[in-house]
Structures are given as C-alpha cells and as structure tokens.
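Here is the structure we will look at.
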There are 2 protein chains.
Amino acid sequence: MSPTRIPEATVARLPVYLRALNSLLDSDIRSCSSEELATAAGVNSAKLRKDLSHLGSYGTRGVGYDVEYLRYQISREIGLTQDWPVVIVGIGNLGHALANFSGFSSRGFRTVALLDADESRHGELVAGCPIRDFGELGQIVREHGVAIGVIATPASAAQAVCDQMIAAGIRSVLNFAPTVLSVPEDVDVRMVDLSSELQILAYHEQRKAPHVEGAPGTEGVA
Amino acid sequence: MSPTRIPEATVARLPVYLRALNSLLDSDIRSCSSEELATAAGVNSAKLRKDLSHLGSYGTRGVGYDVEYLRYQISREIGLTQDWPVVIVGIGNLGHALANFSGFSSRGFRTVALLDADESRHGELVAGCPIRDFGELGQIVREHGVAIGVIATPASAAQAVCDQMIAAGIRSVLNFAPTVLSVPEDVDVRMVDLSSELQILAYHEQRKAPHVEGAPGTEGVA
DNA sequence: AAGAGTTTGTGAACGTGCGAACAAACTGAA
DNA sequence: TTCAGTTTGTTCGCACGTTCACAAACTCTT
C-alpha cells in the first residue's frame, strides 16, 4: 500500500494536515476538498494532493476526502496510533513549559519521566509528574521502552545528556539546547532553535526596511 | 559587496555558523578552516563554503577564516549589529520560558514588553519585565519601533493577536501557537511547532523499528 | 625565486521539491 | 444511458539545494 519512501518535505507537512483535519472535525465538517484542506493548512492544493498521494489513494474524485478517514490514515502513517513514551531532561523554564504542553500528550506522546541533575528539585511535581534524578534514565528507558528523548538543558550539558540517552537505548532526540549534537548514524536528532528563528526574521526584516533612521546601537532610549 | 539575494536555505544556516564561531571564540580559537567550522556547525564543508561565498570572500585561501572577522560579517548580514525590540504576547508557561531565555537577549533582541489578556497577571514581573495589558500593544510598538512580535498564546487567540500586531505595524511574527496564521503578503511568519517535531521523529522511529512487540495501545504498564 | 603543500571559492552534475496542467474517475441530471 | 460538471491523482517542466571536483590563491621551505 505504501511501497515507496515518503519524501522528507512531505513528512514534515503531515502533522500540519493532521492539525487542519482535527480543526475541521471540531467544526463538524465531515468531508472536504483538497482546496479547502490546503487553505486550512496554509499550503497550495496541488502540493497537498501530491503529498497525500504518497500515502495512497484516500480521496474520491469528484467528491473530496472523508475527514475522519483521512485523519486516521495520516495518524497511522506517522505512527500516532501507537503510544510513544517520552522522557524530558532538564526541567528549567523550558522543560517546565514542555511538560505542561498539551500538544504532546494529546497526540499519543506520554511523558513517563521528568529528569534533572539538580538534587534540590527532585520530588517536585510538574504537570502531575515528579522530577527524578538523571541517573535513573537507563532504568526508566528500559522499563517503559522509551524511544524518544527531549533535551531542554543548558547547552553545556546537552551533549553529555545526549550520550547518556543513546547509551540507554534512545534513538530519537528532540533538542532544544542551542548546540549541535553529534550522534551515531542510526540516531535521529531534530533541533528546535528558538534564537535562530528570530535571527532569520531579523534578516528578512532588515531587507524589507529601506533604511532605519539614525546610526544603529548608539541612540539611547528616552 | 552582496549584490545577489542570499538563498533561503543559506539564511537559515547562518545563525548556526554564528553559534559555532562564538563557541570557537570561547575556546580562544582565532582562526579556522572550513572543515573545522563545518564540523562545529554540523554540516558538510562544501556547503559551508558555498554558503559563505554568498556573503562575500571573507576567507583566505591556504589559510582559512579569521573567526572574529567572519563572525562580524555574518552578524552584519543577518542584521544583528542593530538593536531589535521585541514584544512577547501570551505569558503562559511557554511565554514565561521565552522571556527568560538568554539566547534572545544575548543576540541583540531586546524584550521591550510582555503582554497578556489576563488582567489578574498584570504587573507581575517576569525576567525583570512587568506583564502589561494587550491593549497597550499599539502604543508600545509605536514608542519602541517594534518590528518583531512573538506569539505564545493558545491557538484559539493566535489569529486575533496576529491581526492586532499587524494593525499596530509589526511585520515579522514568530508563532509558537499550534495554528496556521493568515497574513498579508508583506508580513513574514515563522512557525515553531513543538508537537510537529515530535511527530516527525515518531514517523522515522516507526520506520526504524522492524516491528514493536504486542498490539499497540492496549497493553497496560505494570 | 621556485616549488610543494593547503585551503578557499566556484563551475558542473545530480537529486529533490514545487507548481501548472491534464487525464482519470466520480456525481447527478436529463 | 449519456453528458456536463467536479475533483482527485499524476505527469512534466522548472527552480532550488547539495555535493563533487578543481582551478585560483595563499604560505612556507629550500
């Protein structure tokens, strides 16, 4: 049914389509055309159709897509029909926000442990889950079959945490620490770099403005 | 000096190079080859050289790059030599983390205001900055010349907040709310979708594992 | 000064992604 | 049944991004 590999660019958009479909279901819309769904997802309709065609033929010509059915097919393709236990390491401000983020838990991702090196915070409850010692990582991974780890530590600790995760058997890492992680071939790392995003915006903003008044940096703010 | 437009893919990597250069400077390394810098940035050396060639000829053949000089050139190209006032809207867990994130303030991005619709939180200090009412957005944008806005509200409020930002004069938006924003042509939006990243990892993880034991979802955790 | 050794910057080949256009397939009316 | 209208799935051309390979340019030794 899905003989060929799905292009990376398509994979990156599947979660967006999924969100759009959920949003349509919330509005009690049971069926939609590629045009409607594409608008809801913020993409071109041709691109949407091509993306979906990589998963199979789940639409009906002349009619459109059944929202519920398509949602299930995408969920299954991504792997959201199964349960994904996740550990979060580094419970600072960001780790705290991630632990409370409903978008994780509502998609089959289950936070099984929050870990931090700071002993003084052990036992503290965050989002109903106690903070435990980082040393327990191996045991937790084995016990729950954790495959995905989230790093929300300072940059200085990230590589060491990542190494420990891989030693414990984790093969997919979501990294929020602003540093490049080096990992073996068979381990996937995705990086979310908050300040990079702002810098990219700044670049385009600088190009938009014909010229900003005054010399940069020296004028005081009254 | 930079007559042609810089490719989007290159722009997205410039912040990574900048971080790598800063890291080298921290280790008192004053000069480096494309190979070294590429390793530090986690990319191919040919790609790095081609990326840098879009900015100009800032290296010396047979020698390499002067770390400090290259860092300045990239900073200038991105626009980090000037000051970027930023407003953050939605001071929940995530907004709180963003306000405290040092990676913003250390790169020329200055948080000039934290805004939230919840009156009960007005006046509360977060990262030394008081939470103010969302209604003050227009005045703050005018006063400080804010060009970049960060949305960290729930998805349901994001579009309205975005519309208000644009009405106030903001032309670049960094969106953390899990929803697609519709904006005019001349406004830039970058989306950071935390749960999408996890879903992409899950897709690849599912493909890696030959097959997970047992039926998914029904087995209890002892 | 000349030549061996390095390293950058770039031209060319290759692969991937995108958008338009169209054929295939379905619905519904006559 | 047949025909007009609609919408999907796919083919094709083009632009963008990546990697290889090499010429240009620099340093250092002899």
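Chain identifiers are assigned alphabetically (A, B, ...) following the order of the sequence lines, protein sequences preceding nucleic acid strands; residue numbering begins at 1 within each chain. Values in this document were obtained by computation on a predicted structure and should not be read as measured data.
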Test of understanding: with ring-ring contact (aromatic ring centres under 6.0 Å, His included), list the residues that count as partners of A:F104, not counting sequence neighbours.
A:F101
At a heavy-atom distance below 4.0 Å, what parts of residues 13-36 of chain B sit against DNA chain C?
B:S33, B:S34
Using a distance-only test with no angle check, is there a side-chain donor-acceptor pair under 3.5 angstrom linking B:Q199 and B:S196?
no
Mind calculating the distance between [atom1] ([X]) and [atom2] ([N]) to the nearest angstrom?
X: B:H54; N: C:dT8; atom1: NE2; atom2: P; result: 17 Å
X: B:R49; N: D:dA21; atom1: CZ; atom2: P; result: 13 Å
X: B:K47; N: C:dG15; atom1: NZ; atom2: C1'; result: 13 Å
X: B:D51; N: D:dC16; atom1: CG; atom2: P; result: 16 Å
X: B:L70; N: C:dT8; atom1: CG; atom2: P; result: 11 Å
X: A:I6; N: C:dT16; atom1: CD1; atom2: C1'; result: 16 Å

With the criterion being N/O to N/O and under 3.5 Å, what pairs connect the protein with nucleotides 25-30 of chain D, and how long is each?
| unit_1 | atom_1 | unit_2 | atom_2 | d |
| --- | --- | --- | --- | --- |
| D:dC26 | O4' | B:R61 | O | 3.2 |

N or O in side chain of [X] less than 4.0 angstrom from [N] OP1/OP2:
X: A:Y65; N: C:dC26; answer: no
X: A:N44; N: C:dA20; answer: yes
X: B:Y58; N: C:dT7; answer: no

The residue, B:L52 or A:E8, whose nearest nucleotide of DNA chain C is more 5′ is B:L52
Could you tell me whether A:E77 and B:R207 have a side-chain N and a carboxylate O separated by less than 4.0 Å?
yes
Taking the basic N atoms (NZ, or NE/NH1/NH2) and the acidic carboxylate oxygens, is any pair closer than 4.0 Å for A:D66 and A:R71?
no
Apply salt bridge (charged side-chain N to carboxylate O under 4.0 Å, His left out) to residues B:D186 and B:R171 and explain how you reach the verdict.
CA-CA 7 Å; B:D186 64 325; B:R171 291 189 297 176; 5.2 Å; no
What do you reckon, are the aromatic ring centroids of A:Y69 and A:Y58 less than 6.0 Å apart?
yes
Should we say atom CD of A:E68 is surrounded by more than 12 heavy atoms from elsewhere, each under 6.0 Å from it?
no
Can you establish whether the number of heavy atoms outside A:R30 located under 6.0 Å from its atom CZ is more than 12?
no
Just compare D:dT8, C:dG9, C:dG17 and give me whichever is closest to any side-chain atom of A:A9.
C:dG17
Under 3.5 Å donor-acceptor pair, B:K50 side-chain atoms to C:dT10 base atoms
no
Whether A:H144 side chain and A:I140 backbone form a donor-acceptor pair below 3.5 Å
yes
